[in-house]
Each structure stands twice: as C-alpha cells, then as structure tokens.
Amino acid sequence: SIITGNTSSLGNGGGISSYSNDDSSSVLLTSSRVSGNTANKGGGICSYSDSYPSPSSSLVSSVSIVNSSVSGNIASNSGGGIYSYSLPSPFQSYSSVSIENSTVSGNIANSYGGGVYSYGTNSSTIFIANSTISGNISFNSGGGIWSSSLAYLSSSTVSVINSTISGNVSPNSGGGIYSNSYSSSSINVTSSIVAENGNNISGIYNNHTPTIISGGYNIFSDTLSGTISFDSTNITSTQLNLQVLAFNGGTTQTMYPGAGSIAIDLGNPNDSSNAQNAPIVGTRDVGAAEGCFASVSYTHLRAHETGRN
C-alpha cells in the first residue's frame, strides 16, 4: 500500500492513526510506503493508548513495520515518522516499536523523535533489525530515535541489529539515538553503524551507564562507554564512506558502504541477513546493506574485496 500526502492538522497520525481509550492500540505495516504526511503527533504513523475514563487492564501501544518505508513525514509536535504513546494507567503502561527490513528517512519533528518516538509510562521498547534510519530531524532531542519511560521502576530499551543509523540531527541530546528512563535504560547495538549523526559524532544519549551494551561488530564515530574489542570507534566519514540513500536491492532504500569502507567484511561472521536479501561473499558488511550491491555485476564485485569501484 502507498499512503501519501495526507494531513491531520489538529489530530495525530497524518498517514495512519490508531487510538484506544481502554486497552491496546496497534499498527502493523507490511510491504508499504508512508510518505509526505503531516500531523500534530506522528506525522506518518500514530498509535495512542489512553486511560480515559478508566482502563480495565494494562495499556499497550505498539507499532510494527516490516519491509516498508516511512519517509518525508512532518509532525508539528513529536514523532515525525512514527509515534507510539501509552498514557499513565492504574495498571501498567507500555509502548513498543518494531522495525524490520525497513527504512525510516527524512522525517521531521518540531519536538522529540524525528524518525521514531516511543513513550510508555512503565516501559518503552524499540527494536530495529536490518533497517536504515537516516536523514531524520528533531528540533529538540532524538533525531533518529527517541525512547522514554519515566515512572518509578520503569525501563527504556533500544535494540539495534544489522542496521544503519546515520545522518540524523537534533540540536540537543541523541542525534542518532536517545533513551531515558527513571530506573533502567539500555541501548543494545550489534553489527550496526551508528555514525555521523550531527557534528561527526555517533549521537547516542543514555541517561544510565554504560552508554551502550555492545554485541560487537559495530562502527561508531566516537568513543562510547560499553564498546568492546570487536567494535570500531572514532571512525571518520572518509573511513566509513557510506553512500547516499538509494535503492540498492531489497524492498526499501539503503546506504551501502562504498569502496574502501571500513564497514566491508567487518560484520558478524555468524550472520548472513541484510536489508537487501543480498548474497554474502566472505563476511557480511556492518550495517543494513552489503557494499557495491548497486552494481549490475554485484557478484563479481563482491568477490574482489580489495578492488571495488
């Protein structure tokens, strides 16, 4: 499906809106494009779970994106691309966002979460796999991703696997990823690129330590607490040589590592998945995309790691 050019000037969810005032609100998007929509919150997609007048159970708000793109949407408040919110409840309040084999790009929020916004009073969870988060802007914090949960004993968890988070911007904390919670906040990163998210930094903010929990095989623009020996830190844009967002195979746009990129063959050797469903020659590259996939002679180029062009 294609959902584009819609406006909800006073409400939420310019492209898609799901609302519940007693139980759960959920959005599932597969093989679709949500682009160029505008709203107060959730320019592209909004899932909102409310407690009015009185909930009978826990409140859950969830958004799941699979093989889809959310791009070029605008929120006058928060959640330029995706907004998931669960209000306080006498029971529990949870928010979750899952993004797989998808791209969230070029979205704008005038407040928090240019690409993705998630708030659950008791728990906020964001899971990203084989996906690209790029070119999103927030005018407060969390240019790419924003997750928060502020009740007592609450938790915020962001997990990023085989993904690329780059080129996102916010003037305050977390140009790439922002996670904040009263009790427990964790950012788990494995075989991913989190780099160049404003002023040549990774752009990761976590109000708890360590900044990240690493599964290894990552690339960052600076040094972060929690990195391990299998990670590459303080990597410059020249060393990374990420190509512009484009269709390089697969269902959505990706940013593949260009010739000589440090990302080539540096990914998890035990993982062969990627956003393009591309063949892996040697070891997978770090991030969502395999290098040089844009070439017609992909297999030939991938067989010669030192001679890419």
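Hydrogens, waters and symmetry mates play no part in the numbers below; they use all other heavy atoms, side chains included. Residue indices begin at 1 and follow the sequence shown.
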ask   = Is a side-chain donor or acceptor of N168 paired with a backbone partner of N136 at a separation under 3.5 angstrom?
value = yes
ask   = Are side-chain heavy atoms of S105 and S71 found at a separation under 4.5 Å?
value = yes
request  = Report yes or no: do S86 and S93 form a side-chain donor-acceptor pair below 3.5 Å?
outcome  = yes
task = Determine, stepwise, if the pair S25 / S47 fulfils side chain to side chain donor-acceptor pair (under 3.5 Å).
result = CA-CA 6 Å; S25 171; S47 176; 2.9 Å; yes
ask   = Would you say T125's side chain and T157's backbone share a donor-acceptor pair under 3.5 angstrom?
value = no
query = To the nearest 0.5 Å, how far apart are CG in L242 and OG1 in T254?
reply = 10.0 Å
Verdict with supporting geometry, I177 and I126, side-chain contact (heavy atoms from CB on, under 4.5 Å) = CA-CA 11 Å; I177 303 173; I126 297 176; over 6 Å; no
key: Audit row: S185, S179, side chain to side chain donor-acceptor pair (under 3.5 Å) steps and yes/no   = CA-CA 6 Å; S185 175; S179 180; 2.6 Å; yes
message = Which label fits Y182 and Y152: parallel for a plane angle under 30°, tilted from 30 to 60°, or perpendicular past 60°?
response = perpendicular
message = For G79 versus A75, what's the shortest heavy-atom pair and its separation?
response = O-CB, 3.6 Å
ask   = Is a side-chain donor or acceptor of S111 paired with a backbone partner of S78 at a separation under 3.5 angstrom?
value = no
message = Can you give me the closest heavy-atom contact between S192 and N162, atom names plus distance?
response = OG-N, 3.1 Å
query = Does S163 reach the main-chain N or O of G287 with its side chain, forming a donor-acceptor pair under 3.5 Å?
reply = no
ask   = For the side chain of N73 and the backbone of T38, is there at least one donor-acceptor N/O pair under 3.5 Å apart?
value = no
task = State, yes or no, whether a side-chain contact exists between I145 and I128 at a heavy-atom distance under 4.5 Å.
result = yes
key: Working for side chain to side chain donor-acceptor pair (under 3.5 Å), residues S202 and D222   = CA-CA 6 Å; S202 301; D222 47 15; 2.7 Å; yes
key: Approximate separation, where rounding is to 0.5 Å, of N12 CG and I45 CD1   = 13.5 Å
query = Once the angle between the rings of F230 and Y217 is folded into 0 to 90°, is it parallel (under 30°), tilted (30 to 60°) or perpendicular (over 60°)?
reply = tilted
message = What verdict does the side-chain contact (heavy atoms from CB on, under 4.5 Å) test give for S138 and Y112, after you've listed the backbone C-alpha separation in whole Å, the side-chain angles of each residue and the deciding distance to 0.1 Å?
response = CA-CA 6 Å; S138 79; Y112 304 107; 5.9 Å; no
note = Here the gap from S20 atom OG to L87 atom CG, rounded to the nearest 0.5 Å, amounts to 11.0 Å
ask   = Looking at side-chain heavy atoms only, is the closest gap between S191 and D271 below 4.5 Å?
value = no
inquiry  = Can you give me the closest heavy-atom contact between S149 and S155, atom names plus distance?
reply    = CB-O, 3.3 Å
query = Do T211 and S225 have side-chain N/O donor and acceptor atoms under 3.5 Å apart?
reply = yes
S181-S154 side chain donor-acceptor pair, cut-off 3.5 Å = yes
query = Is there side-chain contact between T227 and I212, with heavy atoms separated by less than 4.5 Å?
reply = yes
ask   = S61 pairs by side chain to side chain donor-acceptor pair (under 3.5 Å) with which of S49, S84, S124?
value = S84
query = Has the side chain of S183 got a donor or acceptor atom that lies under 3.5 Å from a matching backbone atom of L153?
reply = yes
task = Please examine the side chains of T30 and N67, heavy atoms only from C-beta on, and report whether any two atoms are closer than 4.5 Å.
result = no
message = Using the rule given for side chain to side chain donor-acceptor pair (under 3.5 Å), can you reason through S26 versus S62, listing the C-alpha separation, both sets of side-chain angles and the distance that settles it, and then say yes or no?
response = CA-CA 5 Å; S26 64; S62 66; 4.5 Å; no
request  = Please lay out, stage by stage, how Y117 and V97 fare under the test side-chain contact (heavy atoms from CB on, under 4.5 Å).
outcome  = CA-CA 9 Å; Y117 174 104; V97 176; over 6 Å; no
query = Do I193 and I161 share a hydrophobic cluster (ILVMFWY, side-chain heavy atoms under 4.5 Å, transitive)?
reply = no
query = How many angstroms lie between CD in E196 and CD1 in I235, if you round to the nearest 0.5 Å?
reply = 10.5 Å
inquiry  = Closer than 3.5 angstrom, by distance alone: can the side chain of N130 be matched with the main-chain N or O of A288 as a donor-acceptor pair?
reply    = no
task = Flag the pair I65 / V34 as yes when at least one side-chain heavy-atom distance between them is below 4.5 Å, and no otherwise.
result = no
message = If I take atom OG1 from residue T132 and atom CG from residue L245, how far apart are they, to the nearest 0.5 angstrom?
response = 6.5 Å
query = Is any side-chain heavy atom of V63 less than 4.5 Å from a side-chain heavy atom of Y83?
reply = no
query = Quick one: do the N241 and Q239 side chains pair a donor with an acceptor below 3.5 Å?
reply = no
ask   = Got a second to check how far S173's OG is from N180's CG, nearest 0.5 Å?
value = 9.0 Å
request  = Decide whether Y48 and L150 are clustered together by the hydrophobic rule: side chain heavy atoms of Ile, Leu, Val, Met, Phe, Trp, Tyr closer than 4.5 Å, transitively.
outcome  = yes
From CA spacing to verdict: side-chain contact (heavy atoms from CB on, under 4.5 Å), F220, I204 = CA-CA 10 Å; F220 303 106; I204 300 177; 4.0 Å; yes
query = If we only count heavy atoms from C-beta on, is the N101 to T252 side-chain gap below 4.5 Å?
reply = no
message = Could you report the tightest heavy-atom contact between M255 and S134, atom names first, then the distance?
response = SD-OG, 3.3 Å
